[in-house]
Amino acid sequence: MSHHTPVAKRHGDGKAAVGDVGRPPVAWAVPGILFFAVFAIVPLAIAVYLSFCEWDGLDSPTFTGLDNWTRLSKDSEFGQAAWLTLLLTTISWVFQTPVALLLGVWAAGRQRSRALLSAIFFIPLLLSTTAIAMLFRALLDPNFGVIQTIGPWLGIDPNVMGSSTGALLVVAFVGGWQFMPFHTLIYQGGARQIPEVLYQAASIDGAGMVRQFFHITLPQLRHTMTTSSVLMIVGSLTYFDTVLIMTKGGPGTDTTILPYLMYRTGFQTYDLGYAAAIATALVVVATSISLIMVRLSGFGSMRSTREGM
């Protein structure tokens, strides 16, 4: 018995018959489009409108034109928060990307202990950000935390959260500890799509594991790296709950990043119009960085649905 691959049959008028294999109809995307519009586009449009208003959250918004944006351009606190946000994003990317890449490539292999170790490593991804922030806040308490005991052994000041550099690095580490497994999973999926024949050919030519990694694995994962980096950078730009629970923007304002400044402006001083302007500026920055990365990496011109093909 022979099996034939179904092909599209066409009538005399050139139209494809029922049973054509092709893209699904546009109607399939309607639920997703509506969901995205209701929970993303509409709230964003409201935030943009409120950025041109003065509003305390109780009375009706009063349109004030560009007053909030003029204030934003002259606000030194906003400038400091923007710099800290970009710095935190850079530290998070530099910290997470190499580790997630190496772990993802390793987890794509066939090691005997791979499944067990991968399952243990992915546990932080299952925990809530609030629980993780409270856990590390307790561990790093200079009076009662474990840092008081092991800190001197490691050459770390037990009051690491009391310094501006230490607090920022702790926030980056805690965020990376939680979300690095997610990016490891992305790299693992990408590494498994690389054709095995490439490695076999490299082995025949005498290339070792290190040369294979730099000449095969890394080039084949370039689009995976772009995807992971965009998600990582956008996530780092929107850190909030970790800062709120662990540092509350301190010491002083040394960890007051844009999302926390937006929260403090809107829900502590009730200046929701200016908070909306900060939120809109954050969206513009995050979107611009994402588009620049996609443009420079050539990700937008990718046509294959599989890495390595």
Side-chain angles (χ1 to χ4, degrees), residues 32-93 128-130 133 167-168 171-172 174-175 179 229-295:
I33 294 174
L34 290 177
F35 184 88
F36 182 75
V38 172
F39 293 100
I41 301 300
V42 173
L44 179 60
I46 294 175
V48 172
Y49 169 73
L50 290 177
S51 69
F52 296 97
C53 299
E54 181 180 350
W55 187 39
D56 60 4
L58 299 175
D59 299 325
S60 298
T62 303
F63 186 79
T64 57
L66 296 175
D67 288 356
N68 287 326
W69 291 98
T70 303
R71 174 185 168 188
L72 193 72
S73 64
K74 300 177 180 179
D75 189 353
S76 59
E77 189 174 20
F78 172 81
Q80 181 190 22
W83 162 246
L84 289 173
T85 302
L86 294 176
L87 182 60
L88 178 62
T89 300
T90 303
I91 294 173
S92 299
W93 185 87
S128 70
T129 304
T130 302
L168 194 66
V171 172
V174 173
F179 294 108
S229 297
V230 169
L231 294 174
M232 191 181 300
I233 289 174
V234 172
S236 300
L237 286 171
T238 56
Y239 273 166
F240 168 70
D241 33 10
T242 302
V243 174
L244 175 66
I245 295 171
M246 296 194 66
T247 67
K248 290 183 172 57
T253 59
D254 290 332
T255 57
T256 300
I257 56 177
L258 287 179
Y260 185 78
L261 178 63
M262 175 186 64
Y263 160 79
R264 194 182 67 189
T265 303
F267 297 98
Q268 291 184 356
T269 62
Y270 299 100
D271 192 354
L272 291 169
Y274 189 55
I278 297 175
T280 304
L282 183 59
V283 170
V284 172
V285 171
T287 304
S288 300
I289 293 177
S290 300
L291 292 176
I292 291 173
M293 289 187 61
V294 170
R295 179 72 175 179

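Between Thr70 and Lys74, the closest side-chain pair of non-hydrogen atoms falls below 4.5 Å. Counting heavy atoms from C-beta outward, Arg71 and Asp271 have side chains that approach closer than 4.5 Å. Tyr263 places none of its side-chain heavy atoms less than 4.5 Å from the side chain of Asp241. Residues Ile257 and Phe240 fail the side-chain proximity criterion, which asks for heavy atoms closer than 4.5 Å. Leu168 is not listed as a side-chain neighbour of Asp254, based on a closest heavy-atom distance of 4.5 Å or more. Taking 4.5 Å as the limit, every side-chain heavy atom of Leu50 sits out of range of all side-chain heavy atoms of Leu272.
Partner of Tyr274 under the side-chain hydrogen bond (donor to acceptor under 3.5 Å, both in side chains) criterion, out of Asp75, Asn68, Asp67, Thr269: Asp75 alone.
Around CD of Glu54, the count of heavy atoms belonging to other residues, nucleotides or ligands within 6.0 Å does not exceed 12. The environment of OH in Tyr270 is sparse: at most 12 heavy-atom neighbours from other residues, nucleotides or ligands sit within 6.0 Å. Enclosure of atom CH2 in Trp69 by more than 12 non-hydrogen atoms of other residues, nucleotides or ligands within 6.0 angstrom is indicated.
When all heavy atoms of Pro43 and Val38 are compared, the pair lying nearest together is CD-O, 3.2 Å. The two residues Pro251 and Ala167 come nearest to each other via the heavy atoms CD-CB, 3.8 Å. For the residue pair Met262 and Ala279, the shortest heavy atom distance occurs at SD-CB, 3.2 Å. Nearest heavy-atom pair, Leu261 versus Ala81, reported as atom, atom and distance to 0.1 Å: CD2-CB, 3.8 Å. Contact detail for Pro259 and Leu282: the closest heavy-atom pair is CG-CD2, 3.9 Å. Between Val243 and Thr255, the shortest heavy-atom contact is CG1-O, 3.4 Å.
For the atom pair CH2 of Trp83 and CG of Leu88, the computed distance is 11.5 Å after rounding to the nearest 0.5 Å. The OH atom of Tyr239 lies 11.5 Å from the CE atom of Met246; values are rounded to the nearest 0.5 Å. The distance from atom CD1 of Ile41 to atom CG of Leu34, rounded to the nearest 0.5 Å, is 12.0 Å.
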Could you check Tyr260 against Thr242 for side-chain contact (heavy atoms from CB on, under 4.5 Å), going step by step and ending with a plain yes or no?
CA-CA 10 Å; Tyr260 185 78; Thr242 302; over 6 Å; no

For the pair Ile289 and Leu237, evaluate side-chain contact (heavy atoms from CB on, under 4.5 Å) and give the outcome as yes or no after the intermediate values.
CA-CA 10 Å; Ile289 293 177; Leu237 286 171; 4.2 Å; yes

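The closest donor-acceptor contact from the side chain of Thr238 to the backbone of Val234 lies under 3.5 Å. Side chain of Thr62 to backbone of Cys53: no donor-acceptor contact under 3.5 angstrom is found. Thr287 contributes no side-chain N or O that, together with a main-chain N or O of Val284, makes up a donor-acceptor pair within less than 3.5 Å. In this structure a side-chain-to-backbone donor-acceptor pair under 3.5 Å is missing from Ser92 to Ser236.
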